[in-house]
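What follows is a single structure, written as structure tokens, with notes after it.
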Amino acid sequence: MRDIPTTYDQKQEPEIYAAWEDSGYFNPDNLSGEPFTIVMPPPNATGTLHIGHAFEASIQDTVIRYKRMQGFKTLWLPGTDHAAIATNTKVEKILQKEEGKNRHDLGRETFVKKVEDYVTLSRGTIQKQLRTVGVSADWSREAFTFDEPRNLAVRTAFKKMFDAGLIYRGIRVINWDPKGQTSVSDDEVVYKAEKGKLYTFKYAKDFPIAIATTRPETKVGDVAVAVNPADKRYTKFVGQEFDVEFAGAKLKIKIVADASIDPEFGTGAVGVTPAHSVADFEISQRQNLPAPQIINEYAKMMDSAGPLVAGKKTKEAREIIVTWLTENNLLEKTEDIDQNISTAERSGGIIEPLPKLQWFIDVNKKFQHNGREATLKQLMQDAVKKDGIKIMPERFEKVYFHWIDNLRDWNISRQLWYGHRIPVWYCESGHTKVDIITPTLCKQCSSDTPVFGTPHDKAEKHSSIIAYVENTDGKILTINWGKLGGRLLVGGGIRENEDPVECASREITEETGYVDLEHVRTIKYSIVNNYFAASKNVWKKINITALHFRLRTNNQIKQKLEKNEQGKFIVEWEDIEALRKEIKDPAHAYILRLFANIPHSLKQDEDTLDTWFSSALWTFSTLGWPAETKDLKTYHPTSLMAPGYEILFFWVARMILMSTFLLDQIPFKLVYLHGIVRDAKGQKFSKSLDNGVDPVGVINQYGADALRMALMVGVGAGNDSKFDIQQVKGYRNFANKIWNASRFVLQNASDLPSPLAGEGGRRPDEGLLPEDQALLDEVQTLAKSITEKMDRYDFAHASEDLYHYFWHSFADKTIEAAKARLANPETKESTQRMLKESLETLLKLLHPFVPFVTEAIWQLEHKNLLMVEKWPAKREKK
RNA sequence: GGACGCUUAGCUCAGUUGGUUAGAGCGUCUCGUUUACACCGAGAAGGUCGAAGGUUCGAAUCCUUCAGCGUCCACCA
């Protein structure tokens, strides 16, 4: 009898995980076969694992493990999200609480540093927690939405869209969040039902038309009254202008006819407040009306609102104006109504529509795409209609199309400090520069003022600069450029570990790689950001410890560098003064000009990008884009995306937009939308309810397998589910059942000669009694049925079937019946073989769902990992 | 206002293209300590499938209407 403990101890899970991770099989470089890719929806870098994460991770891990066993080259790429707005808000709160300061007290740089420190501290917590769930993700490829490679992707994407005319800057009435002090996109606005009052009034006694509003305080910003052109009651007034004195403000109200007005509603006339209502702003554009702003970013009335309310909060102003209306006998009616107020999704602040200069992505603009005219909306529609993206469950496809139909231009700029800075620079002369790399000079200006010497300048003609960087290993990587004929030469074929002297000489003598100043900036960008252009499309990360310059005349290069190391000096890149001191030779004057004689310096746009802009690039920015890396070619389009349905618009739709536009590829083939995990009563988990469950605590108590089963069994795509700890307990018992059934088999079949069926040696059916063969056939039938369900992504039933078969057929019936047969020498061996083979097949089938306990058992008998065993049934052909 | 989803045993949910006595888990009850497991086994009770009407030889399943619950979208001043 083998000595195996009578209960499965989930405390060994971390050890098992370590064995998987150490095996290298999380990394597809160590696997072969057709690629199968999932890029993980990145949890917030500052977050901690909640049940929803555990659920999402379980789904993906189940798929990945299944596909890996089936022989796919599986990549599951993990990462975290910088979640600009959420993180920004979080740190501001901490700052307020601990130091009583706001971000402006610190200043941009200090604040951003503080946020980054905070992110560094908490980033990684969630990865550690994900490991406890058992995720078999390739940590070597881990990405962050706000690291350098992703920043390069963001800038590249922005520039490409800008160049295509799809990104524009303009003044629009946007959703302003006074609490978070930023604009937010339409999707980040959530409506809350509230009781409100509808006031019907006239601006002045002699004003001919009454209007209705729920926000009297905005009426001091009115410029017109709009009526339906077909409304006979008002036709005679259209075109007239009235000067009115309204609540202390002098207004000029024009009567205009606009088809958007519903004559049936209220008085059939609308007071138009262009600056503080999206709909009114549009009317004002059509009717050529001004848009005076009367509410500021802090939701306070501005001086332009008139002396009666200036400086007051909107709520106070409302009361003042209602009082004023009453006192002046202008208020005709006050009705109680149900209305929706707009709030900011993250901060909860009440949205104040304000006119602001912002960046937008134009979703309706036509552009050339593959020789055809298209809009971004069309690209998004086609991706699902005909380019092969499948959404599960299917009903969400309808939701998706409906969303696209109603989509307006996407406001992508945020007035936050933490996030990808908008890659746009402005110079004093008013030039705008959009670029991937950070420019230091205004190209338009500098083209008027050459920064380099003339081609005929002999001294300059024969000089060159070599710059090289040292990495931490003391290895030298070179970046060098020289100057020939007044043009700057940059080494195009920079080689790793190449001797700087050799490189410089080679570059110059071969006269390769003529480039302009732009390329110098590219190099500079790469150096500053620790990225090194090893060749045209390959970016390598290096650790720069020092940046060196050597100045030598061309013909002396080799000799001097070999012999005279005193020529070497170190400068800070931007430290022009240091450089000036070092460069004494007037022959190198042009170098000074390169750094010092800057015609117009550029200032970067203050705004940052909507966090979803960088998230939208996630499927390919994680694979190396914009470089055409091997990963990108191998793993994109990805196979599966499994987010919650609540981010279908925020994220899934935007990934489709970016991928189809930038790569001309769909980002993924299948979207499996999962539902929300609620508490046992069906309520959402929330801080205010304090009903949160810590999955790590659950795992510590009952094991990851139990948690995973509880989350997966019976939960279909798109369905919300309820989390009950009783269920987890039940599946912990199941894990123990697997353990003990296995224990029985191993203890009773250990004297059986290995290897077993199929693995060389005897044929599977050789010498098997018919009744045992029948049981094996039954398991095989199950394997087939499970495989079918897995291929349909029907984990709800696959897991349930396995649970049921293992417990109530294999354990309760097969094993029970085997007890007598094992005692009989006639039937013993056949029974042993049947038991062992059944068990092995069942363990394989169970592994994607309960990876730990199955692996633990497998390790009792095998050297190889169950994780990479072959799946026991053929793949469904499609 | 528009769209979608749900309503089946005490609870949580399955029920594929309509086909015999409607299933599972948990819970409840009864019995049981047989050398895999009490984190167990054997067994039992428990449902006129939200309501009404229709199609059909036959409806939990298809159609219509209604009710309740829920979600998303739009938002009218």
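Labels below follow one simple rule: chain letters A, B, ... track the order of the sequence lines, proteins then strands, and each chain is numbered from 1.
Distances were taken from every side-chain heavy atom of Lys398(A) (C-beta onward) to each of rG25(B), rC4(B), rC76(B); the shortest belongs to rC4(B). For His808(A), the listed nucleotide lying nearest its side chain is rG25(B); candidates were rG25(B), rA74(B), rC76(B). When each of rA77(B), rA74(B), rU12(B) is scored by its nearest atom to the side-chain atoms of Ile261(A), the top-ranked nucleotide is rA77(B). Candidate nucleotides rA74(B), rA77(B), rA24(B) were compared by shortest atom distance to the side chain of His804(A), and rA24(B) ranks first.
Across all strands, Glu646(A) comes closer than 4.0 Å to no nucleic acid atom at all (heavy-atom distances). Within the nucleic acid shown, Ser742(A) has no heavy atom closer than 4.0 Å to any nucleic acid atom. Using a 4.0 Å heavy-atom cutoff across all strands shown, Ala811(A) reaches at least one base atom of the nucleic acid. Looking at heavy-atom distances under 4.0 Å, Lys722(A) makes contact with sugar-phosphate atoms alone, never a base.
Residue Lys819(A) contributes atom NZ, which lies 14 Å from atom P of rC40(B) at whole-angstrom precision.
If you check distances only, the side chain of Arg732(A) does reach the base of rC39(B) with a donor-acceptor pair under 3.5 Å.
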Identify all pairs in which a protein N or O lies below 3.5 Å from an N or O of nucleotides 26-33 of chain B, and state each distance.
none

Considering only nitrogen or oxygen atoms on both sides, find all protein atoms under 3.5 Å from nucleotides 14-18 of chain B and state each distance.
{"unit_1": "rA14(B)", "atom_1": "O3'", "unit_2": "His797(A)", "atom_2": "NE2", "d": "3.3"}
{"unit_1": "rA14(B)", "atom_1": "O2'", "unit_2": "His797(A)", "atom_2": "NE2", "d": "2.8"}

Check: For nucleotides 67-73 of chain B, read 5' to 3', which letter fits each nucleotide if B means a protein heavy atom sits under 4.0 Å from the base, S means only the sugar-phosphate is that close, and - means neither?
Finding: ------S
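Remark: Lys385(A) qualifies as a cation-pi partner of Phe401(A) under the 6.0 Å distance and 45° angle criteria applied to the six-membered ring.
Side-chain N/O atoms of Asn736(A) include none lying less than 4.0 angstrom from OP1 or OP2 on rC40(B).
With a 4.5 Å cut-off on side-chain heavy atoms, Tyr191(A) and Thr343(A) do not count as touching.
Counted by atom type alone, Thr7(A) and Asn736(A) present zero donor-acceptor pairs between their side chains at under 3.5 Å.
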